[in-house]
Amino acid sequence: MTQRPQRQSRSEVRPRHRSHRFYPRLFSFLFILAAVVMIIAMVNGNGSNDNGQSGNALTTVKKQLLGDRLGDRLQQAWQKQLNGTDQNVSIAIYSPTTGQTYRLTRASHGHQFHTASTVKVGVLTALLLDNNGQLNDTENNLAQAMIENSDNDATSTLFENYIGSKEGLQKVYDEIGMTHTKVRSEWGLTTTTAADQVKLLNNIFYRSDLLSADERQQIYSLMDNVEEDQSWGTSAGAASYQLKNGWLDYGSDQWIVNSIGHVTLKNGTDYTIAVYTDGSSTMQDGETLIENLAKATAKVMKDAKD
């Protein structure tokens, strides 16, 4: 007679099932515990940093979380200012605190924003690069008139006779990585995005592999000294600022009104910002929209630090 295999007793089976349930629960507990420890460390800002790696990781996570929250708040603030308006808008800012660029565009697909006189910052950048930062008296006078007074004749002279026209300026934009900027022979009709212009501003007001410290300072000084009647725009809500504005009554775009620059708030927070608009029925409408966006941005950036 074939002997039937002996059935395991229940007491022999139970330990196996318990082990299957025990280890996943243990791993889950350890994972949650590790996550809690990391969160506590991030909140307190004094997590373990025996070899520097864990501290760097926590700093990166904190920076990312701060950046995400800041981005959400900026989007909400900008959308609130755009409610009830119908202009096309491209806005972008860069925060050195988070290392992130935040942007919003409200326009139809393929819409192109024109620089108007904000292109003059690019012209000055090209002029300095072509001359290793050493400008003669004529070049200095033309540069000063172009930025501080927004002189169009001075700009045309520099553009056509000193920096190689559209090819020369396009080369500089390409080196900076401004992939959505296209220089036109009529320099004021150069097309761009706010995010592209922030790349240029960051090379001026923060770190640059292209511009020397002296070249950056020269641009800073001129943008810091624009005529008083041209100090509107991204300066709204700032304690100090360096900027360049542009405006143009142009065809179906109606009024093109733009403002780019660097601002510092009373609490020391600073950032670069660019705002491009078109479709305003008057220049003043464009100015008002930009200043409302600038003030909303300043409030969010101030609250983020406080």
Side-chain angles (χ1 to χ4, degrees), residues 114-178 181-192 196-235 238 240-248 256-264 270 272-274:
H114 297 92
T115 58
S117 286
T118 62
V119 76
K120 295 171 182 178
V121 177
V123 172
L124 176 57
T125 300
L127 179 67
L128 288 166
L129 289 173
D130 281 353
N131 292 277
N132 295 316
Q134 303 299 314
L135 304 185
N136 60 36
D137 289 343
T138 299
E139 292 164 340
N140 267 317
N141 290 336
L142 289 169
Q144 182 176 2
M146 175 177 66
I147 300 298
E148 295 183 1
N149 311 117
S150 202
D151 188 291
N152 291 336
D153 291 336
T155 306
S156 293
T157 298
L158 290 172
F159 182 77
E160 295 166 5
N161 302 328
Y162 286 82
I163 69 166
S165 191
K166 67 176 184 178
E167 291 81 11
L169 182 54
Q170 188 66 58
K171 179 183 176 182
V172 172
Y173 284 155
D174 291 345
E175 290 177 336
I176 293 174
M178 299 169 66
T181 299
K182 182 67 175 177
V183 181
R184 302 285 182 86
S185 296
E186 296 179 307
W187 46 261
L189 298 183
T190 294
T191 57
T192 193
D196 258 13
Q197 292 297 317
V198 162
K199 292 180 181 179
L200 172 60
L201 294 170
N202 289 349
N203 272 268
I204 297 168
F205 296 99
Y206 300 119
R207 181 180 179 277
S208 177
D209 294 327
L210 193 64
L211 291 163
S212 68
D214 181 66
E215 290 164 348
R216 291 167 54 217
Q217 182 59 45
Q218 290 185 66
I219 303 173
Y220 180 105
S221 297
L222 291 176
M223 293 180 68
D224 191 50
N225 197 40
V226 297
E227 285 187 349
E228 186 175 351
D229 64 353
Q230 296 181 25
S231 62
W232 50 268
T234 52
S235 58
S240 63
Y241 55 86
Q242 298 76 41
L243 57 70
K244 183 69 194 81
N245 297 328
W247 58 96
L248 179 66
I256 296 168
V257 187
N258 310 319
S259 183
I260 65 173
H262 169 260
V263 303
T264 304
D270 75 306
T272 49
I273 177 171

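The residues of the chain are indexed from 1 along the displayed sequence. Here the structure is a predicted model, which is why all the values come from computation and not from measurement.
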side-chain contact (heavy atoms from CB on, under 4.5 Å) evaluation trace for Met223 with Leu201: CA-CA 11 Å; Met223 293 180 68; Leu201 294 170; 4.2 Å; yes
Spatial distance of atom [atom1] ([X]) from atom [atom2] ([Y]) [nearest 0.5 Å]:
X	Y	atom1	atom2	answer
Leu210	Asn203	CG	CG	6.0 Å
Leu200	Ile260	CG	CD1	6.0 Å
Thr181	Tyr173	OG1	OH	6.5 Å
Gln217	Asp224	CD	CG	9.0 Å
Thr155	Glu160	OG1	CD	10.5 Å
Thr125	Ile163	OG1	CD1	9.5 Å

Polar side-chain atom of [X] near backbone of [Y] as donor-acceptor pair, under 3.5 Å:
X	Y	answer
Lys199	Gly177	yes
Arg216	Tyr206	yes
Glu215	Ser212	yes
Asn132	Gln134	no
Asn202	Thr272	no
Thr118	Gly246	no
Gln144	Asn141	no
Gln242	Tyr220	no
Asn258	Thr115	yes

If every non-hydrogen atom of [X] is compared with every non-hydrogen atom of [Y], which pair is closest and at what distance?
X	Y	answer
Ser185	Lys166	OG-CD, 3.6 Å
Tyr241	Ser231	OH-CB, 3.3 Å
Gln230	Glu148	OE1-O, 4.2 Å
Leu169	Phe159	CD2-CE1, 4.1 Å
Tyr162	Thr157	CD1-O, 3.5 Å
Thr190	Lys182	CG2-O, 3.2 Å

Chi angles and distances behind the side-chain contact (heavy atoms from CB on, under 4.5 Å) call for Leu211, Ile219: CA-CA 10 Å; Leu211 291 163; Ile219 303 173; 4.1 Å; yes
Side chains of [X] and [Y] in contact at under 4.5 Å (non-hydrogen atoms):
X	Y	value
Val123	Trp187	no
Asn152	Ser117	yes
Thr191	His114	yes
His262	Ile204	no
Thr192	Val119	no

Residues, nucleotides or ligands: over 12 heavy atoms within 6.0 Å of Glu175 CD: yes
Atom CG of Asp137: over 12 foreign heavy atoms under 6.0 Å: no
